[in-house]
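First the structure, in the form of structure tokens, and then the observations on it.
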Amino acid sequence: MNRVDNSRNVANAKCETIGMLLRVGFWVYAAVIAGMVVFGVWMLMQDASCFSVRILDTGNGLAGFAFLGDNFEIDFSRNVLNAAAEESPKLTYAAGYLVTVLICALSCGILWNARNIFRSIDREDTPFTQENAKAIHRIGWLLIAISLVKTWLWPFLCGIAGIGTFCMSVDVNSLVFGAVVICLSHVFAYGAVLQQESDETI
């Protein structure tokens, strides 16, 4: 076995291991989200007296914390909530929980696409396929979506409900990271074209 074949076998083995871990991780995470949905239904059936909200003035803005009993807490980004949130603790907790589940679902979508990428590598014996390029493209948009949910949707929902300040922000680092991933998807799409031309030549 020459050095090239040995390197290829090592790379294939690593991809198989990563693919297996991603498959397990995806299904575990999906099960967690299903549990969160069930918990959310149970949460909505609880009496309003079970909920509470604390608003703290940090000097740099208002920090908000919503509680269900003594064991479940949701932390809100600074300046998302206003003082009115303390008068609607159940609504505040439910709004925070909804956004948390949505972010987890988007993250699960990233795992699903990553799992599909490594499944494709195992099936096609190459990472450069149009299918993988599309999956990477979707991952980039999902990263951007998660950032927008945190910085725009969350404050918007709280503002509409009358418990927030409409204080929206921009997470530049997350947006740039998502954009870079989208750019990489075009690199993989180009690589897929070259791979197809090479296969047709052979």
Here the gap from Cys167 atom SG to Arg78 atom CZ, rounded to the nearest 0.5 Å, amounts to 8.5 Å
Asn113 meets the side-chain hydrogen bond (donor to acceptor under 3.5 Å, both in side chains) criterion, sequence neighbours left out, with Arg138
Are the side chain of [X] and the backbone of [Y] linked by a donor-acceptor contact shorter than 3.5 Å?
| X | Y | result |
| --- | --- | --- |
| Arg115 | Phe26 | no |
| Thr129 | Asn132 | yes |
| Glu73 | Leu68 | no |
| Ser120 | Asn116 | no |
| Asp75 | Phe65 | no |
| Ser185 | Lys134 | no |
| Asp171 | Ser147 | no |

Ion pair Glu131/Arg123, N-O distance below 4.0 Å
yes
Does Tyr97 share a hydrophobic cluster with Phe72, counting links as ILVMFWY side-chain heavy atoms below 4.5 Å and allowing steps through other members?
yes
Is there a continuous path of hydrophobic side-chain contacts, each under 4.5 Å between heavy atoms, that joins Trp152 to Trp141?
yes
Answer yes or no: are there more than 12 heavy-atom neighbours, outside [X] itself, under 6.0 Å from its atom [atom1]?
| X | atom1 | result |
| --- | --- | --- |
| Asp57 | CG | yes |
| Phe39 | CZ | yes |
| Phe67 | CZ | yes |

Pairs involving residues 44-63, ordered by first then second residue, that meet ring-ring contact (aromatic ring centres under 6.0 Å, His included) (sequence neighbours left out):
Phe51-Tyr93
